[in-house]
Amino acid sequence: MPSTSMALTPGLASFLRSLKTNPIDTSIDNLISLLKRRQIRHSRSCATATAYLLLRVISACRTSDAAKLIERVQSVGRRLVAAQPKEMVVGNIVRRVLGLIRDEAEDDREADFNLSEASESQPQTPRALDGSDRGSSRPPLSQPAPISMFSLLSHPEPETSLPGTPASASPSGRLLGHVQSKDVRAEVLEGVNEIIDELGQVDDQIAAYALDHIHSNEIILTHTSSTTVQKFLLKAAAKRKFTVIHAESYPNNHEATHATVSGNSTGDEEILSTESFQKPLIALGITVILIPDSAVFALMSRVNKVILGTHSVLANGGLVASAGTRVIARAAKVHQTPVVVVSGVYKLSPVYPFDFDSLIEYGDSSNVIGYEDGDLVDQIDVQNPLYDYVPAELIDLYITNLGGHAPSYLYRIVSDHYRKEDISF
Amino acid sequence: MASTTPAPSESAKPFDIVATYNELLRSDPDLTMPIAAIEALVLLLTHSPSSTISETLDLLEKSTAHLKKSIPNPIGLSAGTDLFQRYLITTLQRPGQLGPAGDFNAIRAHLLSNGRLFIRRAKESRDKIAAFGRGFVRDGSTVLTNGGSRVVASLLQKAADDKGGPSAVRFRVIYVLSPAKDSSAEPEGMETVRALRAKGVPVATIPESAVAYSLGKADIVIVGAEGVVENGGIVSRMGTYQIGLLAKAMGKPFYAVAESHKFVRLYPLGQYDLPIEQRVIDFNTEEDITDGHKPQSVAHSSDVVDFTPPHLISALITDSGVLTPSAVSEELIKIWF
């Protein structure tokens with residue numbers, strides 16, 4: 001069975017299978033075309049595919065030189081991001097991997113430096129000193145910032161003056177080249193595997209916070225068939241009784257939503273491959289009310305809490321989610337209903353949304369009006385945006401696998417997860 | 001240039017930090033207040049032969065206090081003096097050649113020899129901001145801005161350059177001009193207006209009273225700042241607050257542009273909580289015909305500032321990236337604690 005369906009619909013499963021056998025370059029091209037054709041689409045599928053591909057790229061890259069490794073990952077990453085710039089998780093995963101390599105290389109260099117402290121050559125000293133001091137005085141998470149304010153006054157070496165800018169990639173790369181260490185690659189591979197594990201566990205980790213947020217007899221409104229939200233609700237449903245109002249998100253996701261609500265998963269959704277065995281909420285005795293999107297405002301006055309899934313989260317606390325999300329968030333704002341967004345940290349992108357319009361993807365307009373209405377199709381312009389940009393002020397709380405955060409705090413998580421020099425790789 | 005200016009004053013009398021500071025600001029129109037303050041302190045160190053750490057820190061503290069007292073609006077410069085002091089202390093505490101174990105003269109020499117470098121870096125950070133901020137100016141957009149901020153000017157000019165020549169320029173600027181100190185001089189910001197027009201950017205100049213009227217035509221608001229305070233709000237020229245309020249009311253994004261050396265450790269709770277005295281609201285029982293209603297006690301109308309609270313600011317464009325207002329406190333906490 002899998003072989004036939006795989007041949008018919010290329011997607012995440014077929015890609016992961018082919019990854020083991022195909023040569024690297026074929027795999028890269030394969031993923032690029034899958035991304036371009038939107039045959040891999042959900043955030044997590046894209047993230048998983050990217051992580052596996054990078055795992056393969058790194059393991060095939062037979063070098064112990066971190067700089068070369070970074071270069072290689074960057075070049076692959078750039079091609080993937082160019083293939084589907086609106087799928088921001090791809091870039092996020094690439095940045096995470098780049099950060100991993102840099103961390104490992106730096107750890108290594110520091111260890112190296114500490115061993116041969118006395119006999120260190122002159123040009124390397126200031127930077128290495130700087131690095132070891134930062135490491136000892138405070139946790140590594142917060143290292144870039146003190147420099148950013150002191151950068152004005154700091155020692156005139158170019159390496160120390162510009163640690164946070166993209167321009168420093170080459171000097172640090174040169175320094176990284178000093179290190180001839182064997183296990184950088186192994187450590188990085190381990191790290192990438194951790195990212196992959198994280199992608200697998202993220203929904204469960206988020207669901208662990210469910211009981212803190214969903215109380216008995218509450219009325220929860222949600223939207224789309226997001227598995228993260230479903231797991232979140234299911235976790236709470238195991239202990240508590242509440243009511244779920246589910247907006248169907250016509251026209252792009254209503255079938256999947258209906259299937260989620262009724263539990264009759266058709267199984268063609270790649271992301272539901274494992275989750276399709278999941279019990280629907282109704283099986284746990286939860287009252288689920290399926291409503292058309294137009295009824296959201298009318299029902300909002302009864303809703304205690306809105307729980308939303310998302311496509312990606314931006315550094316300013318805004319988010320890009322399925323079309324219709326903004327309407328719901330806005331309605332919730334009017335009724336002063338708390339809006340909670342559940343999202344894995346991997347969806348958190350360091351990209352600042354300069355131009356919101358460019359983040360919105362447009363989908364198949366035949367979902368809105370079919371070609372059987374031929375006359376209409378000729379005369380009107382039909383648009384089917386797949387996503388909405390929701391500004392930060394409409395969101396009250398983000399729940400990630402790290403816990404709950406205010407939208408204004410997200411920048412901090414961004415700076416914890418991505419290195420500054422990788423933001424525009 | 002900057003490092004040579006105090007030479008005449010030096011021969012006559014002991015080093016006068018206030019005069020040096022004013023001289024520095026006068027001599028280089030591109031210099032910001034915090035940088036001028038840092039420069040003045042560096043020059044002070046040059047002129048005073050202190051040889052111990054505590055002596056130096058004490059001298060710095062006294063001069064800073066003196067400087068702050070003598071300047072009507074010390075918010076901007078206190079960012080510079082604080083940064084300098086923290087830098088010195090942090091460097092001295094750090095192990096290494098510049099630390100306590102090392103030679104105190106080394107750090108002194110480093111500071112003294114790099115006066116120029118600080119200024120250059122400060123100007124470079126403006127370019128860096130322009131590079132970050134460029135992304136905000138989109139094709140076909142209209143930017144509303146005010147005042148004579150050099151960072152905003154460089155950002156807009158960079159954006160204009162970017163689009164490649166007069167023919168391809170695709171954004172417009174609405175420039176809010178406040179009346180000049182005296183009616184004969186041209187209002188501050190005219191220089192930027194001229195420079196932008198020379199690059200082919202259509203610029204409209206409006207008076208402050210026309211902001212609400214014009215905001216409907218603008219897509220984004222970009223303003224400069226004199227200081228960025230701990231809660232992420234900005235201290236900026238009078239009139240910025242009302243633009244912020246109007247932008248919020250109209251749902252237009254409001255961006256503040258500032259170098260990170262302008263972050264200042266203040267937590268104002270409102271307009272009247274700033275540690276400066278500006279008699280903008282001057283109640284009178286008698287009509288004073290000769291003065292009109294101009295508050296003459298205020299030195300220059302362009303010197304008065306107001307405070308724009310963080311909830312009006314969409315983002316701060318700084319040389320360390322695009323920050324949310326709440327990120328400012330963290331940057332400050334990192335240098336102080």
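Here is the naming used below: chain letters follow the sequence lines, and residue numbers restart at 1 for every chain.
- Counted within 6.0 Å of CZ on B:R265, heavy atoms from surrounding residues, nucleotides or ligands total more than 12; the atom is thus considered enclosed.
- A:R412 is not listed as a side-chain neighbour of B:S326, based on a closest heavy-atom distance of 4.5 Å or more.
- Residue B:S314 comes nearest to A:Y352 through the heavy atom pair O-OH, 4.1 Å, listed as atom of the first residue, atom of the second, then distance.
- When all heavy atoms are compared, the tightest approach of B:T324 to A:N316 is CG2-CA, 4.1 Å.
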